[in-house]
Structure formats: C-alpha cells, structure tokens
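Okay, so here's the structure we're looking at.
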Amino acid sequence: MPHAADDHARPEGASDANDAPPGAHSDTGAQATGRGPRNRYTAALAEEIETRWQRQWEQHEAFRAPNPGDVGFDPAKPKFYALDMFPYPSGSGLHVGHPEGYTATDILSRYMRMRGRNVLHPMGWDAFGLPAEQYAVVNNVHPRDTTVKAITTFRRQLKRFGFSYDWSREISTIDPAYYRWTQWIWLRCYHAWYDHRVENKGRAPGRARHIDTLIQDLAKERLLVGPSGELIEPGAQGALGSIGGEPMGGVSGGFARKWIELTEQERKEVVDSRRLAYLGEQTVNWCPALGTVLANEEVIDGRSERGGHPVNRVPMRQWMFRITAYADRLLEDLDLVDWPHSTRTQQAEWIGRSEGAEIDFPLFGPSGEPEQQSLRVFTTRPDTVFGATFMVCAPEHPLVDEITTPGQRASVEAYRAAIAGRSDVDRMESKDKSGVFTGAHAMNPATGERIPVWIADYVLMGYGSGAIMSVPGHDERDYEFAAAHGLPVRVVVAPEAGAIVEPPYAGQGVGVGSSNSEVSLNDLPTPEAKRVIIAWLETEGLGSGTVQYKLRDWLFSRQRYWGEPFPVVYDEHAEPHPLPESALPVVLPDLDDFRPTESDDPKPPLGRAGDWLRVEIDGKTYTRETNTMPNWAGSCWYYLRYCDAHNDERFIGEEAERYWMGGGGVDLYMGGAEHAVLHLLYARFWHKALHDLGFVSTPEPFRKLRHQGLIQSYAYQRSNGSLVPTDEVEERDGAFVEIKSGEPVKQIVAKMSKSLKNVVNPDDVIAEFGADTFRLYEMYMGPIEAAKPWNTRDIIGPFRFLQRVWRLAVDEDTGELSLRETPHEGVERALHKATHKVRHDIENLAFNTAIAAMIQFVNEATGEGVTRDQLHRFVRILAPFAPHICEELWSRLGETGFVSLAPWPAHDEAMLVDDTVEIAVQIKGKVRAKLMVPAGADAATLETLALEHPDVRSFLEGLTVRKVIAVPGRLVNIVAT
RNA sequence: GCCGGAGUGGCGGAAUUGGCAGACGCGACGGAUUCAAAAUCCGUUGCCCGAAAGGGUGUGCGGGUUCGACUCCCGCCUCCGGCACCA
C-alpha cells in the first residue's frame, strides 16, 4: 500500500524536482498490517524511511570528512574527532552493548557537524587475535574466512543503525595495507632506545631516540657501560634506566668500561639490550591450553583473560617492549587527559610506582667470614631496617645457588622443585607462608647483627630485587612468616612515643629502639626517619633511595597464527636482523593448519609455513621470526590511521595528523571500561614512543575518554538462589513465576548470557520498532556511563514519542503536513527551552535528559500544533538522535539538503525565562502556599507578598515571625514560633 | 583487606550542586474511540490517614551542621567495579 508520500510530501512552493539529493520517496509499502490510519508512523514505515535515507546518505557520501588538501576541505572549520573503540568482529554479530557507545558518539558527531565542525567519525575492525582465532579453531574454519564473514555482518548491522561514519576511512587490522604500518612502527621501536637523560621541562625525564644516537654517545664516551651492561654517564653515580630489563644479581662493585674496550659481540649486546623493542630472556606467562605466552595484563588471577586457562611461569626468549621506561611519564601524563577517575586510578595502580630504598645486606661466607657479596633488597620502609631480623629471597633468585650451605642444599632444592611444579593459580590459592632456610647469613647493616637468609615463594622475583629484608614487627606477611618459622620479631616503630605496640604494626609512627653508634631514628616520625636512614645508607655506600614499579616490560610475542608477522629474520647463529622498510609488509602466509599446538613448550604455527620461512638477502639465507604480534598491536595506533586511511607513503600524513589530532588528540573516545589497562595503556605507550620519535604531535592520544556502561538484562532467581532462563518464567498478576513449577521467582539484574536466554539481538528490535526508536531507547535508558538493565517493555515509550512527533507534523489520514499558521506563545517558549537544553545536554553527554526535554516539548506542542518554522527547528534538534525520521520530515518541509548537515537552530536566551515564576512559601520548612510573581522580583518584594498571602496569614496566626529568608526566583521561608 | 563508584516510587531514572524531591518514560488504574480487541488519545498515580478539603510522612540506616539537606560533615549497612603475598 502506498503511503502517499509522493503525493503529499511537497508543501506549496517547494520544488518538486526529484533529482535533488535526498529527494524522492519510494512507494514501498509502509503499512504492513493495513490497519490504523494510512499515514501513521509504524515499524514498517520506519523501516522504509530508514533504509531509504541510509541509501541517500551513502550515495551522496553525506558523512565523508575531507582532509586538509582534499576537495571541499574548509580550513576555517574546527575539527572534531569522535572515536569508538572498534569491535572484534565476532561470529555472533553485534549485541545491544555495541550500539550504546556508538550511538552516543554518533549523536555528538551529528551535533558537531550541525555546529559547523569538520567531524572525523570512523569505524573499522580489530580483526587479528585470539577471539577471532579461537572461534575459527572451534569451528574448524580458517580465521580469515570467519573474520571476513563476521566483518560483513557487523558492517551491515552498523549501517542499519544509521551511524554517520565516514565509511571511506574504514580500516581492518588484518589488511596488509594496514599491518604494513603496524610492522613499520615496530621497526621504529626496534631502531630506538630510551634516553633517560633528556629533560622535559620539569616533568618526568626521558625520551626515545634513534638507536644511532646511543651508538654515537657510546663511541664518543658520553656513555660508559657498567658491569652488568647498564649505561653510566662518566662521573655520574648509578645506572641509567635501572628499571626493567636488567638481571638483578644484587652484586655491587666493578668498573665502567668504554665502548672502545668492548668486543664486537659485547657492543651488539649492549645496544640490543637497550632497544625499545628488544629480544629478552624473561620469565613469561605460558598458557599451555592456548599454546602461547601472554602479557601480564592478559593474565588475571593466574588464568588467561581469554578463556580462563591456567598460566605457568617459564623462562623464554621473546620480543619485549620497554614500556617500563615510560612508567613515570605514563603516570604523570594522566593529568593531561580528561578520563574517568576510575580508569586513571587503574592505570596508576597498574604502573604501581612506589618510592623506597635499595639496601645492600653484606653476606657471610659458609664458615662465617664476611664476603665481598651482598644481598640487595628493595623496601618502601627503610626506616624499619633496625627491625629486619631475617631475609627472604625469591626461590628463583640467582644468588640462592651460591649461598646455600651444603647442609641445606637438599631442602632448598626440594622446595624449589615443589614451587616450579605449581602453577600461578596454585601459588595464589595457598597463602600459607612456606619457605626454607638456605643456611646462609647476612649482616643487618644498621644493627650489625647476623641474620638468616631464607627462600620463600611469597617473595616474587619479578618485583624489586627479588629479595626482601623481613621486618616481622611491621609487616603482616613477614610477621606470619616469622610466626610460622619461629623467627624473632622486633618492634622499631610505635604509633606515638611511649605507645605499646602489638606487632605487626604496619602504620606510620615514630622510631623506637632504632639506633647505632652513627645514626638514630628514635622519636623521628616515619617520613623523617626514612630521609635520615637513606642519607646514612648513602654515605656508608650501603644503599640509596629508589623508585620501583609494578609495571613490567610488555611481552609482545605470541605463538599463534592469526596475527601480524614480525619484520625480523634470524641468521644461522639465531641472531635477529630487522628487515628493511622496503620489505614491508611481511604478509601472513596462508596456512591450512593454523591451529596452535597445545603443549608445554612453544611451537608457533608459522614454523610450519614451509617456503615462507626462508628468506634470501644478499645471497645469505635467513629464517623468519615465527611468532606473531598480539591482538593489541593493531589497536595501538588505529586511531591515527583513520586520519589518513589510504596513505601508502606514510602511516599517517603529517598534515592530517596535525589537523585531526590537534588540541590534545581524539576529542571523544568512547568504549568499554574493560580496556582500562590493556588497550588504553598500550596505545598511550606507542603514542608516546611515536611522539618522541617525531611522528605525532601530541603527548597523549585520547584527550577525553568516556566509558559506556554495561547493558544488563533481567534474570530470574529461585528462592534457593539458582537462576531460571528467561523463557521459563512468566508474569502473573505483577509477580514472576516459573512456568514449570508455578513457584514464584525474583526478578534480578544480571549480565546477558546465552544460558539465561536473556540476550537481546539488535536486529530483532530494529525489525519491531526501527533504528530511530532503538537509538532513542538506548540513550533514554539512563546515563551513558551507568550500567543499566535492558527492559524490552520500555522500548514502546520512545516509539510512541516518535509517533507523536510524526503526528505533530503529518496528518495521519491524508499524509499531508498539518501545521498552524501563527506560533503559540507557550509552544514557542517551550521550543527555545528544549533547544537550549538539548544542546547543553548533548555537550555533557546527558542524552537521557536531552530526550526527556524533547518529549516534554512534543507533549506541550501536541494540543496546540506547531508552525512550519517551529517544525523546521524541532526536526533539527531531534536529528542527531533520530536522524531518519528527521530527514523524512525535513524533506517534506521542502528542504533539498540533508537535515544531518543543516545548521543547529539558535535559541533566544530571553525566551528561556518565563515572565512570571511560581515561588513556594515555606513556613518552618514546609510548603504552605505558592505565589505567582514577576520573574525579576527581589527578596524584599517576595517577603512582602508572602506575608500578605491569605494562606500564609492564617498559618501564622498565633505565631511570631522570627526570620524570613527570601531567595529570588526560588522560595520564601518563614521561621515562626 | 585496600582503593574507587553507587544506594531516590512497583520499574528505568530526574533534580541548574544547599532552595518546592520524584522531571521524562514504563507499568498500573480510570475514561474516550472500537461490534470487540490491539493500537492510539485524555486523565490519575511516592506512601499512610481521609468521602473530600486537607493532614502526616518520605531520597539505605543512625547522628550532626543549617532558616532549609537526596545534596555538606561524622559513624554504620548493602551492592557494583578495580587491586591484592608488590616488600
């Protein structure tokens, strides 16, 4: 049935030309049911309108954003970069959580276009990596096939929402034209080192520089090489870049050597070990089930983030990123960005900066004589050193072999074997303080006492120096260990002078019993005691103040197929050689057998790639790296590629980068809070490295970040707490009962899950109500950042709203526009208020209240009707939210362009305030009367009017007025007794 | 255990940051329309007492500051998120 649009759409005077861009309406059936008025806004009409306008946008490339230098680029327009976290195209398609953030950024993007911004709003696919690959493995299909198919589905679904993406910038991380540059960035990091000497105007020092500058500095002896490979400035104390990377032996002494004194091999090792992307021998997280190693960030409670498989710690030679060099800057620069508090906190905690001291405890030899060697510990409480009654090393500590006495060797070996066999999960589950004595002793440098050295797995090799001074009086773990093994406890800190201390007391206070012939901490408050003892240790050469981080270097190799190959080959001595840029991209070979090998040692699938593995360069044969990059690689810089998606000369053009990333980076980045540490930390790190190396202009990638809240679903719970699938529950008389048993169940909010059958498919919702309604509903549910339950019953509300909008403009019987000639005063005022509020709320991402304001306007206007001019304005404020229906009404108003690109309507500030306002009159805090007064009435006037009010007077009978508070525009409060 | 965030009608949620609590939507109830139903439209709707007028009460709990507190302070409870043998 035709919906008469062609017959009635054009108002008098409007051009009937149907060759204008958005023009012609089709005659496809709008009234699927054939019931109700012919021109009512139904799901069928919504679908017809929506798909038609989506075609129009696409044909006219309505949302294509020109780059500087492109045709149509207007340099006077400020830019706005609205970015969504691009999805993994999983096999199951979009769920309702995806479009939540996407709709929010879309509304803002559309609004910003209407406000005259050049808007970059792109979309792409994060298509490499474990999720896609695991899906492929399970279904025994090549990951490329499943991924490409999933992308097609995602793209179709996203287009159906009417998101205003610039699809010409679509990128996919699996496209060789994209990952060529991922590999290129990795090479830039390989050819870079971190120079901690560079000052940054009072901010945390250091900057990545080309590796050649390191070689020059070494050759010119501006840098020397220390005994364990660390870099030393001539004349300066301590090593540069002491965090991360270096093996910690705790051995002090030795001399710095000059470049000229090093062998060729030593030089190579020194340089290679300083690279930003380096090959490191590390204890890594090996996940046998996934057949790959994982980054620290991908391991949660000893299990893989994906799949929840156990993870073991084994030493391996792997590609690493020196993210630890950036620890201070990553921490400090959190104050440059507008991010949710919780996300910043999580990053700060992950970086885990802690200030303290390194202290060397001299070791005694087997027969009790002092040795050259000492055991270095890290502590945040150097002020408690007088209370250190024993020491504990991590079982893997390199000195343990040396210091263990023959008598203890058997038990030490047995303990280490027991530990090695335990997975991290086991180690975490049992928190009992196990450990064994090594037989060795060290000297407490403060007290001069001989104290025993133990090993225990509660001390981790990966933190600090892998050894601790144990202060059972002031550390809970040490106390438990001491209690379990009968070791002495000494109190050296009291909350206040003279207080009785019940160990363990971990708080601050003042030193007690903490003195030797040279230094005393007694009665010194903790911060002061720390300063004093560190100064003393430094004078004595026994230690120094230092900073430790929880952050570890980023393990970047994966023993998987579905990822970016490294642009690296190995020679016959297994020495790595980077490929030249001309060799990029290193294309991932097609493998029939792409499955990972479940095993206890790494066997990357690319090892089976046959001819691909051998590369001939200058007559020499090399073997390719068979590890691949983790799925985070592609997402570390995709936001940059969008700015210049088809540049094949550079990963991003300089001009495009300066324009779109200007002003502090992405203007709004919207995505899930689950990426708080992983993606967001990695991307910041790459960005900073690229910034240091001169490739990007801003220190931070994402100026403003917001998370969309989780969309939950209802579930039903029996009285015993077990959950019932949604389809086995029905509502009877306002209560929920399980159909099978008739037992009452409780409605609760839960995560959507297949087992509970409460997953909502957006395709179904759109089929029933249309995309405009879907968009409105998701935004109307509540604040964008809040978790909120999907309630199918509520969707009808936004749908009715659109019906009312439609009816406000269109006669449901004739299909003609039905407008009044002269504006109604109240409606006009309401429209100005709505325009103002919607604008304000969009800018504050308060979409739920913006929609409420528009509903309120339509409710007010419904009885009175609107003029052509009013509809013309209203359609524009609604357009960012429900763009399709607005395009339709816009064209019926005779406009030939897109409402999506029309200017935002102005509002008149004078129209926002009413001439008269209602003032509440309170007596003793309770509202007893209301006054209608002119908007500008002052306090004195209000007071007089209030006291004259008959209701007030009768209330005040027999009372004495003590005080009157009058707040202009608000209320009057009369205090009487 | 530590660090964040939050607790408002039957439900989702508002409240310009100290000024009329409950905007807006859902649901429910009543009415219009309809042969009827659906859809749509109009009205009512925090709770308690009352036929009504009206009164009382009310933002997790207990105190406090203030003319006035969902909002600020102190002490608890519950839920959600993060971290957790990090020295």
Side-chain angles (χ1 to χ4, degrees), chain A residues 33 35-37 40 42 300-301 340-346 348-350 352 354 356 377-381 384 392 427-428 430-433 456-460 462-471 475-478 480-481 506 548-551 673-674 676-677 709-710 712 714 731 734-735 747 749 776-777 780-783 785-798 800-801 803-804 807 812 837 840 846 848-856 859 862-863 918-928 930 962-967 969-976:
Chain A
T33 62
R35 282 176 295 197
R40 174 160 292 170
T42 61
I300 296 162
D301 293 339
H341 178 83
S342 62
T343 306
R344 291 162 43 146
T345 308
Q346 279 181 58
E349 282 176 355
W350 190 261
S354 65
V377 302
F378 173 73
T379 174
T380 54
R381 290 295 300 270
T384 62
V392 185
R427 277 175 78 153
M428 285 186 192
S430 70
K431 295 213 171 178
D432 58 307
K433 291 289 177 288
D457 71 344
Y458 85 92
V459 175
L460 311 172
Y463 187 77
S465 59
I468 60 163
M469 65 175 201
S470 215
V471 185
D475 181 284
E476 211 163 304
R477 296 153 303 171
D478 293 347
E480 284 173 27
F481 191 82
Q548 281 290 331
Y549 301 85
K550 195 179 85 166
L551 184 71
E674 68 275 16
V677 245
L710 187 67
Q712 299 157 313
Y714 288 115
E731 197 175 348
Q747 189 182 52
V749 173
L776 280 174
Y777 173 65
Y780 193 58
M781 290 169 75
E785 300 209 29
K788 45 215 172 267
W790 181 277
N791 190 356
T792 301
R793 197 166 71 177
D794 286 344
I795 305 171
I796 193 75
R800 281 182 193 148
F801 165 61
Q803 282 189 323
R804 290 163 72 104
R807 195 179 304 118
E812 288 194 332
K837 176 144 179 74
H840 175 266
N848 53 334
T849 50
I851 294 167
M854 289 187 282
I855 294 174
Q856 215 161 356
N859 288 351
T862 289
E918 194 185 62
I919 298 286
V921 182
Q922 297 181 336
I923 295 169
K924 292 194 282 185
K926 289 194 199 307
V927 179
R928 298 299 183 182
K930 305 236 169 153
R962 301 289 175 190
K963 194 175 181 182
V964 180
I965 294 105
V967 184
R970 300 274 182 220
L971 51 57
V972 180
N973 191 8
I974 300 166
V975 188

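The chains referred to below are lettered A, B, ... by the order of the sequence lines, with proteins before strands, and numbering in each begins at 1.
- With P as the reference atom, B:U33 and B:G27 are 22 Å apart, rounded to whole Å.
- For B:G81, the OP1/OP2 oxygens have no side-chain nitrogen or oxygen of A:Gln346 closer than 4.0 Å.
- Within 90° of 0 lies the glycosidic angle of B:U17, which makes this nucleotide syn.
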Taking protein heavy atoms under 4.0 Å as touching, what does nucleotides 7-14 of chain B look like 5' to 3' if B marks base contact, S marks sugar-phosphate-only contact and - marks none? ---BSSSS
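- Using a 4.0 Å heavy-atom cutoff across all strands shown, A:Lys926 reaches sugar-phosphate atoms only and no base atom.
- Using C1' as the reference atom, B:G25 and B:U71 are 25 Å apart when rounded to the nearest Å.
- Across all strands, A:Val975 comes closer than 4.0 Å only to sugar-phosphate atoms, never to a base (heavy-atom distances).
- With P as the reference atom, B:U17 and B:U65 are 26 Å apart, rounded to whole Å.
- Across B:G1 and B:A84, the matching C1' atoms stand 8 Å from one another, rounded to whole Å.
- Taking the side chain as every heavy atom from C-beta outward, A:Lys837 and A:Met854 never approach each other to under 4.5 Å.
- Counting non-hydrogen atoms under 4.0 angstrom, A:Ser470 reaches nothing in the nucleic acid.
- For the C1' atoms, the distance linking B:A6 with B:A28 amounts to 29 Å, nearest Å.
- At the heavy-atom level, A:Ile965 lies under 4.0 Å from base atoms of the strands shown.
- Among the heavy atoms of the strands, none lies under 4.0 Å from A:Ile974.
- Within the nucleic acid shown, A:Gln803 comes within 4.0 Å of sugar-phosphate atoms alone, with no base atom in reach, counting heavy atoms only.
- For B:U40, neither phosphate oxygen OP1 nor OP2 lies less than 4.0 angstrom from any side-chain nitrogen or oxygen of A:Arg807.
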Give me, pair by pair, the N or O atoms of the protein and of nucleotides 42-50 of chain B that are less than 3.5 Å apart, along with how far apart they are.
residue : atom : partner  : partner atom : Å
B:C42   : OP2  : A:Arg804 : NH1          : 3.4

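- Relative ring orientation between A:Phe481 and A:Tyr458 is described as tilted, the plane-to-plane angle lying within the 30° to 60° band.
- For B:G46, the base is anti relative to its sugar; the glycosidic angle deviates from 0 by more than 90°.
- Between B:G58 and B:U40, the two C1' atoms lie 36 Å apart (nearest whole Å).
- Within 4.0 Å (heavy atoms only), A:Arg962 reaches no atom of the nucleic acid at all.
- No hydrogens or angles considered: nothing links the side chains of A:Tyr780 and A:Thr849 as a donor-acceptor pair under 3.5 Å.
- For the pair A:Trp350/A:Lys550, a side-chain contact is recorded, criterion being any heavy-atom separation below 4.5 Å from C-beta on.
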